[in-house]
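Everything on this sheet refers to the single structure shown next.
Worth saying up front: this structure is predicted, and the values here are computed from it rather than measured.
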Amino acid sequence: MRRDDRDDDPFSDVSDFFREIERMMGGADSGFGDDVHFRVDREDDLVRVVGDLPGVEKEAIDVQCDGHDLIVGADTDRHEYRERIDLPVRVDEHSAAATFNNGVLEITLDPVESGTGIDLD
């Protein structure tokens, strides 16, 4: 398997595989269900999360980020949804920008450098 193929493989991370199995089996945290799918892409200078939220109004969506995880929630007349999305790198939650158009939620975040050097005096 080429490196590029692994980056597109939704089960490249074993924990993602088991989380997907639990979701499909209707586990305790089944999230938005079968109609909603989130994709997380790591680009050079940002992290992009794209989710399909069919039948959800913009005003019903709540997005929160702690720098490591993104939580997307929505309350509709029929359901209350919550989905926790693991981000591939730590991000600056204050850099988040989100759009919602025709049922598609797109969130972009700036990654945070892995560490900061400390000068010695």
Side-chain angles (χ1 to χ4, degrees):
M1 182 181 288
R2 294 184 335 217
R3 170 97 175 115
D4 293 343
D5 292 341
R6 280 183 276 139
D7 291 341
D8 293 337
D9 182 1
F11 300 115
S12 62
D13 183 349
V14 174
S15 64
D16 289 342
F17 174 76
F18 287 111
R19 190 172 18 264
E20 182 65 11
I21 293 291
E22 182 178 331
R23 184 190 69 77
M24 289 188 298
M25 299 293 288
D29 183 15
S30 59
F32 285 99
D34 294 335
D35 293 336
V36 176
H37 304 279
F38 285 94
R39 185 182 81 235
V40 180
D41 296 316
R42 171 71 161 94
E43 298 174 9
D44 290 337
D45 57 346
L46 60 88
V47 173
R48 181 182 316 276
V49 178
V50 178
D52 296 319
L53 304 173
V56 175
E57 298 294 324
K58 179 180 178 179
E59 296 76 25
I61 299 172
D62 178 50
V63 179
Q64 299 177 15
C65 182
D66 66 2
H68 299 281
D69 299 309
L70 191 69
I71 299 172
V72 179
D75 296 324
T76 69
D77 293 339
R78 302 177 68 194
H79 296 14
E80 180 177 320
Y81 302 108
R82 297 281 174 260
E83 186 84 20
R84 184 179 152 274
I85 302 157
D86 294 324
L87 299 173
V89 295
R90 193 170 71 126
V91 298
D92 176 6
E93 61 270 20
H94 302 291
S95 71
T99 60
F100 186 69
N101 189 18
N102 293 326
V104 177
L105 175 66
E106 182 175 335
I107 304 164
T108 57
L109 304 122
D110 294 334
V112 175
E113 296 296 324
S114 61
T116 302
I118 299 173
D119 292 330
L120 297 175
D121 292 328

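Taking CZ from Arg90 and NE2 from His68, the interatomic distance works out to 6.0 Å, rounded to the nearest 0.5 Å. To the nearest 0.5 angstrom, Asp69 atom CG is 11.5 Å from Glu83 atom CD. One distance of note links CZ of Arg84 with CD1 of Ile71; it measures 7.5 Å at 0.5 Å rounding. Atom OG1 of Thr99 sits about 7.0 Å away from atom CG of Leu105, to the nearest 0.5 Å.
The shortest side-chain heavy-atom distance between Asp41 and Arg39 falls under the 4.5 Å cut-off. Under the 4.5 Å side-chain criterion, counting only non-hydrogen atoms from C-beta, Tyr81 is in contact with Thr76. Here the side chains of Leu70 and Leu87 are in contact, with some heavy-atom distance below 4.5 Å.
Through direct or relayed side-chain contacts under 4.5 Å between Ile, Leu, Val, Met, Phe, Trp and Tyr, Val50 connects to Val104.
Closest approach of Ala74 to Val56, counting heavy atoms only: CB-CG1, 3.7 Å. The minimum heavy-atom distance linking Leu53 with Phe100 is given by the pair CD1-CE1, 3.8 Å. The nearest pair of heavy atoms linking Pro88 to Arg42 is CG-CB, 4.2 Å.
The environment of Glu57 atom CD is sparse: at most 12 non-hydrogen atoms of other residues, nucleotides or ligands sit within 6.0 angstrom.
Residues Val89 and Val49 share a single hydrophobic cluster, defined by chaining ILVMFWY side chains whose heavy atoms lie under 4.5 Å apart. Under the 4.5 Å side-chain heavy-atom criterion for Ile, Leu, Val, Met, Phe, Trp and Tyr, Leu46 and Val72 are members of distinct hydrophobic clusters.
Partners of Ser95 according to the side chain to side chain contact (heavy atoms under 4.5 Å, CB included) rule, which considers only residues two or more places apart in sequence or in another chain, are Asp92, Leu109, Asp110.
Val47 pairs with exactly one of Thr108, Ile107, Val91 by the side-chain contact (heavy atoms from CB on, under 4.5 Å) rule, that one being Val91.
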Kindly determine whether Asp62 and Gln64 satisfy side chain to side chain donor-acceptor pair (under 3.5 Å), including the steps that lead there. CA-CA 7 Å; Asp62 178 50; Gln64 299 177 15; 3.0 Å; yes
